[in-house]
Amino acid sequence: MRRIEHFIAGESSMSAHEAWLDVMEPATSNVVAHVARGLRKDVETAVDAAAAAAPRWAATSAPERARLLHAMADGIEATAESFARAESIDSGKPLSITRSIDIPRAIANLRWFADAAVKACQGTQRFDSSHASNEVLRMPVGVVGAISPWNLPLYLLTWKIAAPLAMGNAVVAKPSELTPSTASMLASIAREVGMPPGVLNIVHGLGPEAGAALVEHPDVAAITFTGGTETGRSVNQTCAGLFKKVSLELGGKNALIIFADADIDAAIDTATAAAFANQGQICLCTERLLIESSVYDRVMEGVIERARAIRIGDPLDAETDFGSLISIAHRDRVEAALAGAIADGAHVCTGGKRPINLPDRVSAGAFLEPTVLQGIGMDARFNREEVFGPVVCAMPFADEAEAVRMANATDYGLCATVCTQDLERAGRVARKLDVGTVWTNCWLVRDFRVPFGGVKCSGLGREGGDDALHFCTEARTLCSASNSTVDASGAVPTGTHT
Ligand code: NAD
């Protein structure tokens, strides 16, 4: 059986306690690998390695750091098919998606932050007066802990590590224990391209063990976390006690609002994609579909028809659109939420069952049909809690004010989509929605430069663009009677990181 080890100080290593966890292929329910079960001791070794490597890495010029990140991106690109396959096997998502989204985006993450950091390190902010000259440096914080989930494994891992590495920090990453393969493949590439030992470390294991030990470690200056809201709450509490920088990207209960004046066919396409992409397991997926009453029946007919046409199948078959959920345990949770909705009066318009007639190879997998519900209101539990599966609940609304009220009636605030041809209305509604991102007539369109994140229980802080570069650095103001400067290459002196 394949064994996935930690990557610490540039070397693969077993857990100090030689403990292993099973890695399942969710589409088949077969064990496909064993992954090291990291414990506190392993995290301590990794943080020590990172702390030892950080000063020299911070003193390395930004272009040289960027060169190594681009070399890692090249390494993924050269073996992209192996990455796509490994991601599909670990997660149950179709190969068509890992090939077209997950792996290309992971490559782009490394490249974009590599280049952005070079630009950011080229110039420092200056504020001069007749009395003094102020220069603001962005100093790397030292060791950054990056904790990532299973739904976009390499995509989110690279999103979290690229900015800290590019800005001169050492990183200890803790990928999801459910999807460890591509992180381990990335570690091999880091070694091959000559990333200095200790700059990037990967410790595998369970959240409450390896993850919690990383968050609690006093030498980890900042934690960037993506995952569930309850986990985020506990991460936040620990970080608060240690005055640690923390960025939290958490769950959502996102609404997609279709006004009667929308391009209805396009809105139906957008709604179907937003509800069912990645089997509904993207934090930005739509779980509440709000439709203006006068077009409710027409939209529902279209969404139901599109949902039924989605090709469910073996994720490794290139024709498959829709694979398995991440695990049998997660499918149980989604089915429990579905049963709760039905008990509260929901009607299943389509889906709601485990698909039959799947190919033999995947007949024991964690599959659930794309499901559309209606008939329950905003007070139903289903419409308030994140489900994170392929189930969307439709509700009619009478007017703009009611749509906004319904969309905001949740503890979450990650994103929303508004479908309308009236762009004045789109702007007005967007300003009233209590979320981090509002899309108009589109969904999941992402630009690296824009801030990304949520409000309320969807998170704390912003990632992307300058926000990501600022998160992993501290501003240091140099106030002087005379002009001072830093090395134009972006290198910062050794021994100055905290
Ligand atoms: P999760 O919270 O269970 O786990 C996320 C990561 O945290 C994993 O690596 C896990 O091992 C680790 N972890 C678990 N307990 C921990 C603890 N006590 N201390 C430290 N680390 C711990 O989430 P998940 O089930 O892997 O992912 C699904 C969730 O992630 C959903 O709620 C989804 O909305 C959210 N998510 C949010 C975004 C975003 O950008 N807002 C993106 C993707 C996923």
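All figures in this text were calculated on a predicted structure; none of them were measured in a lab.
Within the structure, salt bridge (charged side-chain N to carboxylate O under 4.0 Å, His left out) pairs that include any residue of residues 144-159 do not occur (at least two apart or interchain). Identified under the salt bridge (charged side-chain N to carboxylate O under 4.0 Å, His left out) test for residues 163-174, with sequence neighbours left out: K174-E177.
Between the side chains of T410 and R288, no donor N or O sits under 3.5 Å from an acceptor N or O. Side-chain contact check for S247 and E463: at least one donor-acceptor pair (N or O, by modelled atom type) lies under 3.5 Å. For the 3.5 Å distance criterion, the side chains of D128 and S133 qualify, holding a donor opposite an acceptor.
T238 places no side-chain N or O within donor-acceptor distance of the main-chain N or O of V215, the cut-off being under 3.5 Å. Using modelled atom types, one side-chain atom of R65 and one backbone atom of T60 make a donor-acceptor pair closer than 3.5 Å. Looking only at distances, no side-chain donor or acceptor of T371 sits under 3.5 Å from a matching main-chain atom of V391. A donor-acceptor contact shorter than 3.5 Å links the side chain of S458 to the backbone of G251. Judged by distance alone, the side chain of N201 and the main-chain N or O of T45 form no donor-acceptor pair under 3.5 Å. Proximity of a side-chain donor or acceptor of Q281 to a complementary backbone N or O of N278 within less than 3.5 Å is detected. With hydrogens and angles disregarded, a donor-acceptor distance shorter than 3.5 Å links the side chain of W443 to the backbone of L284. Judged by distance alone, the side chain of R191 and the main-chain N or O of P196 form no donor-acceptor pair under 3.5 Å.
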>> With side chain to side chain contact (heavy atoms under 4.5 Å, CB included) as the criterion, how do Y412 and V435 come out once you've worked through the C-alpha distance, each side chain's angles and the decisive distance to 0.1 Å?
In response: CA-CA 8 Å; Y412 294 97; V435 295; over 6 Å; no
>> Run L414 and K253 through side chain to side chain contact (heavy atoms under 4.5 Å, CB included) and show every step you take.
In response: CA-CA 7 Å; L414 192 52; K253 189 73 194 175; over 6 Å; no
>> Evaluate T182 against D90 for side chain to side chain contact (heavy atoms under 4.5 Å, CB included), listing each step before the verdict.
In response: CA-CA 9 Å; T182 49; D90 273 12; 5.8 Å; no
>> Between K245 and E474, is the side chain to side chain contact (heavy atoms under 4.5 Å, CB included) condition met? List the steps.
In response: CA-CA 10 Å; K245 284 185 109 174; E474 290 285 11; 3.6 Å; yes
> Given the rule in the side-chain hydrogen bond (donor to acceptor under 3.5 Å, both in side chains) test, do H204 and D42 qualify, once you have shown the distances and angles that lead to the verdict?
Replying inline: CA-CA 9 Å; H204 296 284; D42 304 297; over 6 Å; no
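Judged by the 6.0 Å and 45° rule, R446 forms a cation-pi pair with W159. Figure legend: R105 and F83 shown without cation-pi pairing, the cationic atom not lying both under 6.0 angstrom from the six-membered ring centre and within 45 degrees of its axis.
With sequence neighbours excluded, no residue forms a side-chain hydrogen bond (donor to acceptor under 3.5 Å, both in side chains) with E5.
Here L248 contributes atom CG and N236 contributes atom CG; the two are 5.0 Å apart, rounded to the nearest 0.5 Å. Atom CD1 in I257 sits 10.0 Å away from atom OG1 in T286 (nearest 0.5 Å). Taken from CD1 in I76 to CG in N109, the straight-line distance is 9.0 Å, to the nearest 0.5 Å. Rounded to the nearest 0.5 Å, atoms CD (E335) and CG (L325) are 9.0 Å apart. T473 OG1 to N169 CG: the interatomic distance, rounded to the nearest 0.5 Å, is 7.5 Å. Taking CG from L68 and CG from L110, the interatomic distance works out to 11.5 Å, rounded to the nearest 0.5 Å.
Two residues are said to be in side-chain contact when any heavy atoms from C-beta on lie closer than 4.5 Å; I326 and N151 fail this criterion. Residues V418 and L433 have side chains in contact (heavy-atom distance under 4.5 Å, counting atoms from C-beta outward). Here the side chains of W439 and N254 are not in contact, with every heavy-atom distance at 4.5 Å or above. The shortest side-chain heavy-atom distance between F7 and S188 does not fall under the 4.5 Å cut-off. The closest side-chain heavy-atom distance from L69 to L165 is below 4.5 Å. You'll find the side chain of E87 stays beyond 4.5 Å of the side chain of Y155, heavy atoms only. In this structure, the side chains of P164 and V141 stay at 4.5 Å or more apart for every pair of heavy atoms. Side-chain atoms of D467 and F452, non-hydrogen and from C-beta on, never get closer than 4.5 Å to each other.
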Using atom types as modelled, flag every donor-acceptor pair under 3.5 Å from a side chain in residues 382-389 to any protein atom, sequence neighbours excluded.
unit_1: N383; atom_1: ND2; unit_2: G377; atom_2: O; d: 2.9
unit_1: R384; atom_1: NE; unit_2: M378; atom_2: O; d: 3.0
unit_1: R384; atom_1: NH1; unit_2: A409; atom_2: O; d: 3.4
unit_1: R384; atom_1: NH2; unit_2: M378; atom_2: O; d: 3.4
unit_1: E385; atom_1: OE1; unit_2: R381; atom_2: NE; d: 3.0
unit_1: E385; atom_1: OE1; unit_2: R381; atom_2: NH2; d: 3.4
unit_1: E385; atom_1: OE2; unit_2: R381; atom_2: NE; d: 3.1
unit_1: E386; atom_1: OE2; unit_2: G252; atom_2: N; d: 3.1

Exercise answer: donor-acceptor pairs, residues 46-55 side-chain atoms, under 3.5 Å, sequence neighbours excluded:
none

Atom pairs and distances, donor-acceptor, side-chain atoms in residues 13-20, under 3.5 Å, two or more places apart:
unit_1: S15; atom_1: OG; unit_2: H6; atom_2: NE2; d: 2.8
unit_1: S15; atom_1: OG; unit_2: R37; atom_2: N; d: 3.4
unit_1: S15; atom_1: OG; unit_2: R37; atom_2: O; d: 3.0

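The neighbour count for D22 CG, taken as heavy atoms of other residues, nucleotides or ligands under 6.0 Å away, is above 12.
In this structure, G228 and F225 approach most closely via the heavy-atom pair O-CE2, 3.8 Å. Taking all atoms of both residues into account, the shortest heavy-atom contact from G145 to L214 is CA-CD2, 4.0 Å. In this structure, A255 and L290 approach most closely via the heavy-atom pair CB-CD1, 4.1 Å. Of all heavy-atom pairs spanning I89 and P26, the tightest one is O-CD, 3.4 Å. The shortest non-hydrogen separation linking E249 to G453 is OE1-CA, 3.2 Å. Nearest approach of I4 to S184, heavy atoms of both residues: CG2-CB, 3.6 Å.
Note on R428 versus E400: salt bridge recorded, some NZ/NE/NH1/NH2 to OD/OE distance being below 4.0 Å.
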